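Working notes, beginning with the structure itself.
Just so it is clear, the structure is predicted and the values come from calculations on it, not from any experiment.
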Amino acid sequence: MPSIPVRLTTLMVRGPLRALAPSILLSLGCLASHAQAHAVGAVVRTDAGDLVGTATAAGTAFLGVPFAAPPVGDLRWRAPQPVARWSGVRTAQAAGPTCMQDPRIPPAGVGNNSEDCLYLNVHVPAQASTARPLPVMVWIHGGAFINGAGSQYDGTVLAREAQAVVVTVNYRLGIFGSLALDALAGEAKAGNYALQDQQAALRWVQRNIAAFGGDAGRVTIFGESAGGTSVCNQLISPAAKGLFQREIIQSGTCPSVQPTRAQAVAVGNAYADKLGCAAGAGQLACLRSRSALQALVASPAIDAADPASLGQFSPHIDGVVLPEAPRTAIRAGRFHKVPVLLGNNADEGTLFIALAFELQRGTPMTEAEFQAMVKGNAGDSGIAALASSIVLDAYRPGRYGSPNLSAAALLGDSLFACPTQFLARALSDHVPTYVYEFQEKNAPAFVNDPFMPWGAFHAAELPFVFGTRIVTTPPSPDPAEVATPAQWALSKTMMGYWGRFAATGQPNAAGQKAWPRFNRLLQATQTFKSQGIGTELLGAPYVRHQCLLWDATTLLGTLQ
C-alpha cells in the first residue's frame with residue numbers, strides 16, 4: 001500500500017445550522033468508536049510545533065524529528081540546546097541527517113553525515129490511541145560510539161508486534177560526542193555529549209510522547225553494543241533520573257574500565273594540537289572555527305585489531321554526567337532502581353576477528369597472531385605474563401579448531417558473555433533482572449566469510465529484535481528474503497518478550513515459554529534459537545564461556 005500523507009481538517013458549522021450542531025455531533029459520535037476519536041493521526045502537535053508523518057496500514061511514522069538545536073558553530077561541544085519553535089506543519093516523512101562519521105567503517109557506517117544531526121524517529125502502531133497509551137521503547141544504536149544512526153532501524157514491525165511506540169535516536173559520535181578539554185570545564189554541563197544527547201531525546205519523549213499515543217510513565221531504553229553501554233551508563237547518570245522505567249542491554253554490558261577524565265583530556269589535548277588550536281583563551285573558538293570535515297579528519301586514529309583504540313571515544317568518568325565507574329556503582333546499589341533485561345550472543349567475537357584480520361587481507365588469523373593478541377604488552381614476567389599464559393592454555397587452537405575461532409571465543413567470552421554474567425549477578429541483588437543468550441547459528445551475515453562460520457555473531461540478534469533488515473554499509477541481507485519460517489517465528493517471539501517487558505517490567509506472557517527471573521541461586525538464562533526457546537540454569541553460560549577464568553584474571557589484574 002502506498003504511503004499517504006494525511007492532514008487534519010476542521011468542520012465549521014455556521015448560520016442556521018449552528019443550532020443543529022449538538023445533534024449532528026451526537027449522530028457522528030454514534031458512528032465513530034471511542035478508540036477512533038482518540039486515534040493517533042498523521043498530524044501531531046509537539047511542544048515545538050505540529051508534525052505531519054506518513055500513515056500506512058502498519059501505522060504512522062514520524063521521521064527526522066528534531067529533539068535539540070543543531071550542535072553547530074558555537075554550539076559544537078556544548079550541551080544540547082532547545083529546539084527553535086516552527087510555525088505551520090513541519091513535514092516529518094524522511095529521516096534527518098546522520099551524525100558525522102566515516103561511512104567506510106563496517107559494519108554500521110552510514111552516509112548522509114552532518115553536524116546538524118540531533119533527530120529522532122517515532123514509529124506508532126496502527127492501533128495507538130491517546131486514550132489508552134502504549135509503552136514506549138527508545139532505541140540507542142550501536143557502532144562503538146563512532147558510527148551508526150537511529151534511522152538504520154525501522155521500528156515499524158517491532159511497534160506492531162510489541163504493541164509499543166518505538167523511538168530511534170541519533171547522538172553525536174566520535175570526537176564530536178566525546179571531546180574533553182580543560183578549556184571546556186568552565187562551560188555548563190561540559191563533556192560526554194553523546195550521553196547528554198541521549199538524555200535530551202529522553203526528555204523530548206517525556207514532554208511529547210503522549211501525543212503519539214505513548215505512555216511517558218512506561219519508557220524502556222534499549223540498545224546494542226555501544227548503545228547497550230550507553231543504556232548502562234544512563235542507569236547511573238544522575239541527570240537521567242526519572243527519564244525511563246526499564247532497561248534492555250544487548251551485547252553492551254558495563255565495561256570494567258571506562259576512560260578517566262585525565263585520559264579523556266589527554267586525547268582532547270592531542271586532538272586540539274593536531275588542529276592547530278593551542279591551549280589558551282582562544283582554543284575553543286579555534287576548534288569551533290574548523291569545518292565539520294576538518295574536525296572529523298583530525299580525529300584520533302582507530303585500529304580494528306585494537307579494541308583499546310575505540311576507548312578514546314567512549315563516555316568517560318567525568319564526575320557529573322558519569323559520576324563513577326558503572327560497575328562500581330551498580331555493585332554498591334548506586335543506580336536508578338528499574339527492572340533490567342540483558343544478554344549477549346553466543347559467538348560475539350567472530351565479527352571482530354573477521355573485520356580485523358580476514359576481511360581486510362583475505363587470509364585467516366595465524367597462531368602467531370593469536371598469541372601476540374593475547375600477550376599484548378604483558379611482557380615475559382610478572383602477574384600479567386602469568387595471566388596471559390593461563391588464557392593461552394584455556395583458548396588453545398587445538399581446543400577450538402583454529403586460531404581464528406580461539407581468538408573469537410576469547411573476545412566473545414571476555415568482552416561480552418562474562419561481563420553479562422557479572423552484571424546480572426550485581427543487578428539481581430537490587431532489581432528484577434532477566435538474562436538471555438542469542439544462539440541462532442545461522443543468523444544472516446552481511447558478508448560471506450570463507451575462513452570461519454560467524455554463528456551468533458555480534459549484532460546478529462538485531463534483525464530478529466526489529467523484525468526487519470538493518471541498514472549497513474555494505475548492505476546486510478533482508479531476513480524477509482533469507483530467513484526461514486522458524487527464524488521469523490523466533491523473531492516474533494523475541495519481539496513479544498521485549499514488548500511485554502516494556503509494558504510490565506517482566507517479559508512473560510500467556511502462550512510463551514516462561515522466562516525465570518535471574519538470581520544468584522538459580523542463575524537462569526533464556527536461550528534463543530530457531531530450534532526452540534530454552535532455559536539454562538545454575539550458571540551454565542558462566543561455565544561454557546569460562547567466566548571463572550575471566551573473574552580470576554580480573555582479580556590478578558588488580559594485584560599488579
Side-chain angles (χ1 to χ4, degrees), residues 228 232 249-256 327 330-331 340-353 370 373-374 386-429 433-441 443 452-458 460-461 507 513-558:
C232 189
I249 302 172
Q250 300 174 207
S251 301
T253 58
C254 299
S256 57
R327 278 197 181 191
I330 290 170
R331 196 162 40 215
V340 179
L341 187 154
L342 73 158
N344 61 273
N345 297 349
D347 307 294
E348 298 271 6
T350 53
L351 173 68
F352 299 102
I353 297 303
F370 169 62
M373 184 188 82
V374 175
L386 173 61
S388 66
S389 176
I390 294 172
V391 170
L392 276 171
D393 181 66
Y395 288 88
R396 56 191 179 277
R399 177 176 182 177
Y400 287 89
S402 65
N404 54 5
L405 289 174
S406 290
L410 185 156
L411 287 181
D413 293 352
S414 63
L415 296 180
F416 298 98
C418 295
T420 294
Q421 292 292 310
F422 171 92
L423 188 57
R425 296 195 302 274
L427 286 166
S428 67
D429 291 338
T433 304
Y434 299 87
V435 182
Y436 75 88
E437 181 166 281
F438 182 76
Q439 298 178 347
E440 178 58 31
K441 293 292 186 180
M452 68 174 172
W454 284 18
F457 60 93
H458 184 69
E461 88 285 7
K513 179 177 174 56
W515 186 335
R517 181 170 162 176
F518 186 99
N519 58 50
R520 287 184 181 268
L521 177 63
L522 192 60
Q523 298 185 57
T525 297
Q526 203 81 336
T527 60
F528 296 126
K529 53 189 174 184
S530 58
Q531 290 83 2
I533 310 301
T535 306
E536 295 186 336
L537 303 175
L538 303 177
Y542 185 92
V543 175
R544 184 170 60 253
H545 293 290
Q546 305 202 67
C547 296
L548 180 61
L549 165 65
W550 292 110
D551 284 351
T553 302
T554 300
L555 177 61
L556 284 173
T558 65

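Sorted by first then second residue, the salt bridge (charged side-chain N to carboxylate O under 4.0 Å, His left out) pairs that include residues 525-538, not counting sequence neighbours, are Glu536-Arg544. Applying the salt bridge (charged side-chain N to carboxylate O under 4.0 Å, His left out) definition to pairs two or more places apart or across chains, those involving residues 513-526 are Asp429-Arg520.
Between the OH atom in Tyr434 and the CG atom in Leu342 there is a gap of 12.5 Å [rounded to 0.5 Å]. How far CG of Leu521 is from CG of Leu537: 10.0 Å, rounded to the nearest 0.5 Å. To the nearest 0.5 Å, atoms CG (Leu549) and CG (Asp413) are separated by 9.0 Å. Taking CD1 of Ile330 as the start and CG of Leu423 as the end, the distance is 5.0 Å to the nearest 0.5 Å. Rounding to the nearest 0.5 Å gives a distance of 13.5 Å between CZ of Arg399 and CG of Leu405. Note that OG of Ser428 and CG of Leu522 are 10.5 Å apart. Values are rounded to the nearest 0.5 Å.
Heavy-atom minimum distance, His545 versus Cys418: O-SG, 3.4 Å. Here the closest heavy-atom approach between residue Pro507 and residue Leu341 is recorded as CB-CD1, 4.3 Å. Looking at every heavy atom in both residues, Pro397 comes nearest to Pro403 through CB-N, 3.9 Å. The minimum heavy-atom distance between Arg331 and Phe422, with the atom names listed, is NH1-CZ, 3.1 Å. In this structure, Arg327 and Pro419 approach most closely via the heavy-atom pair NH2-CB, 3.3 Å. Between Ser406 and Tyr400, the shortest heavy-atom distance links the atoms OG-CB, 3.4 Å.
When atom types are taken as modelled, the side chain of Trp515 and the backbone of Thr535 share no donor-acceptor pair closer than 3.5 angstrom. With hydrogens and angles disregarded, no donor-acceptor distance shorter than 3.5 Å links the side chain of Glu437 to the backbone of Ala346. The closest donor-acceptor contact from the side chain of Gln526 to the backbone of Ala514 lies under 3.5 Å. Thr350 contributes a side-chain N or O that, together with a main-chain N or O of Trp454, makes up a donor-acceptor pair within less than 3.5 Å. A donor-acceptor pair is defined here as one N or O able to donate and one able to accept, closer than 3.5 Å; no such pair exists between the side chain of Asp347 and the backbone of Phe457.
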Note to self: Go through it in stages, so that I can follow the logic: the residues are Leu411 and His458, the test is side-chain contact (heavy atoms from CB on, under 4.5 Å), and I'd like the CA-CA distance, side-chain angles, deciding distance and then a yes or no.
What the structure shows: CA-CA 11 Å; Leu411 287 181; His458 184 69; over 6 Å; no
Check: Given the rule in the side-chain contact (heavy atoms from CB on, under 4.5 Å) test, do Gln546 and Tyr395 qualify, once you have shown the distances and angles that lead to the verdict?
Finding: CA-CA 10 Å; Gln546 305 202 67; Tyr395 288 88; 3.5 Å; yes
Next item on the list: Walk me through it: do Tyr542 and Arg425 pass the test side-chain contact (heavy atoms from CB on, under 4.5 Å)?
Entry: CA-CA 11 Å; Tyr542 185 92; Arg425 296 195 302 274; 3.3 Å; yes
Margin query: I'd like to know whether Phe416 forms a side-chain contact (heavy atoms from CB on, under 4.5 Å) with Asn345, so could you lay out the CA-CA distance, the side-chain angles of the two residues, the decisive distance to 0.1 Å, and finally the verdict.
Written below: CA-CA 8 Å; Phe416 298 98; Asn345 297 349; over 6 Å; no
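A 4.5 Å side-chain heavy-atom check between Leu410 and Phe370 finds at least one atom pair inside the cut-off. Two residues are said to be in side-chain contact when any heavy atoms from C-beta on lie closer than 4.5 Å; Phe528 and Ile533 meet this criterion. At a threshold of 4.5 Å between non-hydrogen side-chain atoms, the residues Ser402 and Met452 do not count as touching. The shortest side-chain heavy-atom distance between Gln523 and Phe518 falls under the 4.5 Å cut-off.
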